Amino acid sequence: MGTKNSRIAGFYQLSPQQRLQEVKSFDGLNETDLTMLRGGNGVLSVERADKMIENVIGTFELPLGVATNFRINGRDKLIPMVVEEPSIVAGASFAAKLVRESGGFTTSSTRSLMIGQVQLVNIAEPATARETILAHRDEILGLANAQSTSLVKLGGGAEDLEVHYFPTSPTGPMLVVHLVVDCLDAMGANAINSMAEAVAPMLERLTGGRAYLRILSNLTDRRLAKATAVITPAALARPDMSGEEVIEGMLHAYAFAAVDPYRATTHNKGILNGIDPVLIATGQDWRAVESGAHAYAARDGRYTSLSTWYRDEQGNLVGELEMPLAVGIVGGATKVHPAAQASLKLLGVQSARELAEICACAGLASNIAAMRALATEGIQQGHMSLHARQIAMSAGATGTLVDLVSEQMIRERNIKPVRASELLHELTDVFV
Ligand code: MEV
């Protein structure tokens, strides 16, 4: 066992620079390591980051790419994507080009309704308690709405209340009150949590029970965004396969995800490959969307594909993705992170619903790219060149050497760290 001690009293009170020094002595990092951890050369200054979360020592950068070719409801969009994985931006752009040939994506969305939950236990008469809560509906909603006057002023806020009864649980029976809140253009977590906390004492008084958890639900199944794409066989045709054959393969790929949770998980990961990067670029809580997406995928009791695919009467491939997408364009990191602000501006979105619909399109596009590749040449082919570049870089190649090493490895079909090092040595000898 080492002697390292992660109990650093008062760490949170130090400046980011002082915290870095603490981290340095904790793990014997050198100055280069510290420079890497500090980051801060980008648009998000360490000072600003220090106001966003706790115990900040620096900032961490990721590539920001822009997906092209998207046409959504007749309007062209460039989509900012922040992600570390090669091929995602290229795949989404490629798929958007295929969809563009038949006019582009069409979208729709529900209102921005979210649920705040209050858990009530130790209730002697659950049925009576339920009636009492419902009889005081307006009072409870009024108290909830007093917490978020700005939301109410704009036409949103808590608008309904439900009571759910769980007769058995590991700790006994419980009532769960749902506040249904229209969050408009906000993601809404803060407003909902404040509302849930504010009404809890009233619910305790009304029921004689004890309120424990007071928190939003991330299963936002009343805040859905939908994207639809049509792809013609001609757009999918390849030298080695007709468009019809590709569609056949893609429908088999979908069918696999529809019936098998092991496959559905990976299929849905491919969808979220397109969505998470847009969420990160625009300063959203991507963990919230991820958890909601997976819960929604299991809403019928068995985890399945978030997208559905079929062949229409003209023989086109049609895909639909409908899923919870709790995003906001006001408040949170969208306001604090300068790059998130600029990303939202690039997207030109006027509402949270519009942003959610764009995310759905990016997700469907990623799904298309993955299914097409999987149903044809396989996923590795497309990954090869970026993968080779990464291997070349991790072997120490910089500048033009990255291209030279990676191209040679692809030619040799031998993309391995050992080969990258060998090539790097050979080429460095030539160039020096
Ligand atoms: C890899 O990041 C994503 C895929 O695995 C998605 C899929 O299998 O559909 C290619």
Side-chain angles (χ1 to χ4, degrees), residues 65-81 87-110 224-239 241-255 257 267 270-275 277-278 281-282 305-323 325 327 343-376 382:
V66 167
T68 54
N69 302 324
F70 276 82
R71 198 165 174 75
I72 301 175
N73 301 328
R75 287 167 59 199
D76 276 32
K77 296 278 178 193
L78 284 179
I79 304 190
M81 298 178 99
S87 303
I88 288 180
V89 178
S93 304
F94 172 73
K97 191 154 144 263
L98 301 181
V99 178
R100 191 181 177 85
E101 289 179 27
S102 2
F105 296 86
T106 50
T107 65
S108 61
S109 53
T110 65
L224 304 174
K226 181 174 177 181
T228 304
V230 177
I231 313 175
T232 61
L236 288 165
R238 305 152 45 95
M241 270 172 106
S242 71
E244 284 77 10
E245 280 175 300
V246 178
I247 290 178
E248 189 70 13
M250 289 174 74
L251 287 173
H252 281 303
Y254 160 62
H267 178 95
I271 290 173
L272 287 153
N273 267 351
I275 295 178
V278 188
T282 57
S305 167
L306 282 167
S307 60
T308 48
W309 290 91
Y310 61 92
R311 197 189 268 115
D312 71 9
E313 282 167 5
Q314 291 76 46
N316 301 315
L317 180 66
V318 184
E320 289 171 1
L321 171 66
E322 185 170 42
M323 59 176 273
L325 265 155
V327 295
S343 289
L344 283 172
K345 197 165 165 194
L346 170 64
L347 284 171
V349 287
Q350 304 302 320
S351 68
R353 284 172 61 175
E354 204 184 332
L355 176 59
E357 291 172 21
I358 289 173
C359 289
C361 294
L364 194 56
S366 271
N367 190 211
I368 293 168
M371 290 204 320
R372 193 208 63 96
L374 288 166
T376 56

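Only a predicted model underlies this, so the values are computations on that prediction, with no experimental measurement involved. We're numbering straight along the sequence, starting at 1.
- Residue pairs meeting the salt bridge (charged side-chain N to carboxylate O under 4.0 Å, His left out) criterion with at least one partner in residues 364-376, sequence neighbours excluded, are Arg372-Glu377.
- Atoms OG1 and CZ, from Thr376 and Arg238 in turn, are 4.0 Å apart once rounded to the nearest 0.5 Å.
- Residues Ile275 and Cys359 approach most closely at CG1-O, 3.2 Å, considering heavy atoms.
- The shortest side-chain heavy-atom distance between Leu236 and Met241 does not fall under the 4.5 Å cut-off.
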Pair Val66-Val89, side chain to side chain contact (heavy atoms under 4.5 Å, CB included): steps then yes or no: CA-CA 7 Å; Val66 167; Val89 178; 6.0 Å; no
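- Within the structure, every pair that satisfies the side-chain hydrogen bond (donor to acceptor under 3.5 Å, both in side chains) test and touches residues 310-323, not counting sequence neighbours, is listed here: Glu248-Arg311, Asp312-Asn316.
- Shortest non-hydrogen contact noted between Gly315 and Pro233 is O-CG, 3.4 Å.
- Taking the side chain to side chain donor-acceptor pair (under 3.5 Å) definition, one finds that Ser242 meets it with Glu245, sequence neighbours left out.
- Residue pairs meeting the side-chain hydrogen bond (donor to acceptor under 3.5 Å, both in side chains) criterion with at least one partner in residues 347-361, sequence neighbours excluded, are Thr107-Glu357, Ser109-Arg353, Ser109-Glu357.
- Applying the side chain to side chain contact (heavy atoms under 4.5 Å, CB included) criterion to Ala352, with sequence neighbours excluded, gives Asp185, Arg223.
- Residue pairs meeting the side-chain hydrogen bond (donor to acceptor under 3.5 Å, both in side chains) criterion with at least one member in residues 89-102, sequence neighbours excluded, are Asp76-Arg100.
- In this view, Ser307 and His267, Ile271, Ser305, Trp309, Leu321, Leu364, Asn367 satisfy the side chain to side chain contact (heavy atoms under 4.5 Å, CB included) rule, not counting sequence neighbours.
- Residue pairs meeting the ring-ring contact (aromatic ring centres under 6.0 Å, His included) criterion with at least one member in residues 87-108, sequence neighbours excluded, are Phe70-Phe105.
- One finds the NZ atom of Lys77 at 15.0 Å from the OG1 atom of Thr68 (value rounded to the nearest 0.5 Å).
- Nearest heavy atoms, Gly249 versus Ala375: C-CB, 3.5 Å.
- The two atoms that bring Ala365 and Ala92 nearest to each other are CB-O, 3.8 Å, heavy atoms only.
- Residues Pro80 and Ala281 share a closest heavy-atom pair of O-CB, 3.7 Å.
- By the side chain to side chain contact (heavy atoms under 4.5 Å, CB included) test, Thr106 pairs with Asn73, Thr228, sequence neighbours left out.
- Residues Met81 and Ala67 come closest through the heavy atom pair SD-CB, 3.8 Å.
- Counting only heavy atoms from C-beta outward, the side chains of Ile79 and Leu347 approach each other to under 4.5 Å.
- Annotation: the span from Ile231 atom CD1 to Leu317 atom CG amounts to 5.0 Å, rounded to 0.5 Å.
- Between the side chain of Thr282 and the backbone N or O of Ser343 there is no donor-acceptor pair closer than 3.5 Å.
- To the nearest 0.5 Å, the span separating CG on Asn273 from CD1 on Ile88 amounts to 3.5 Å.
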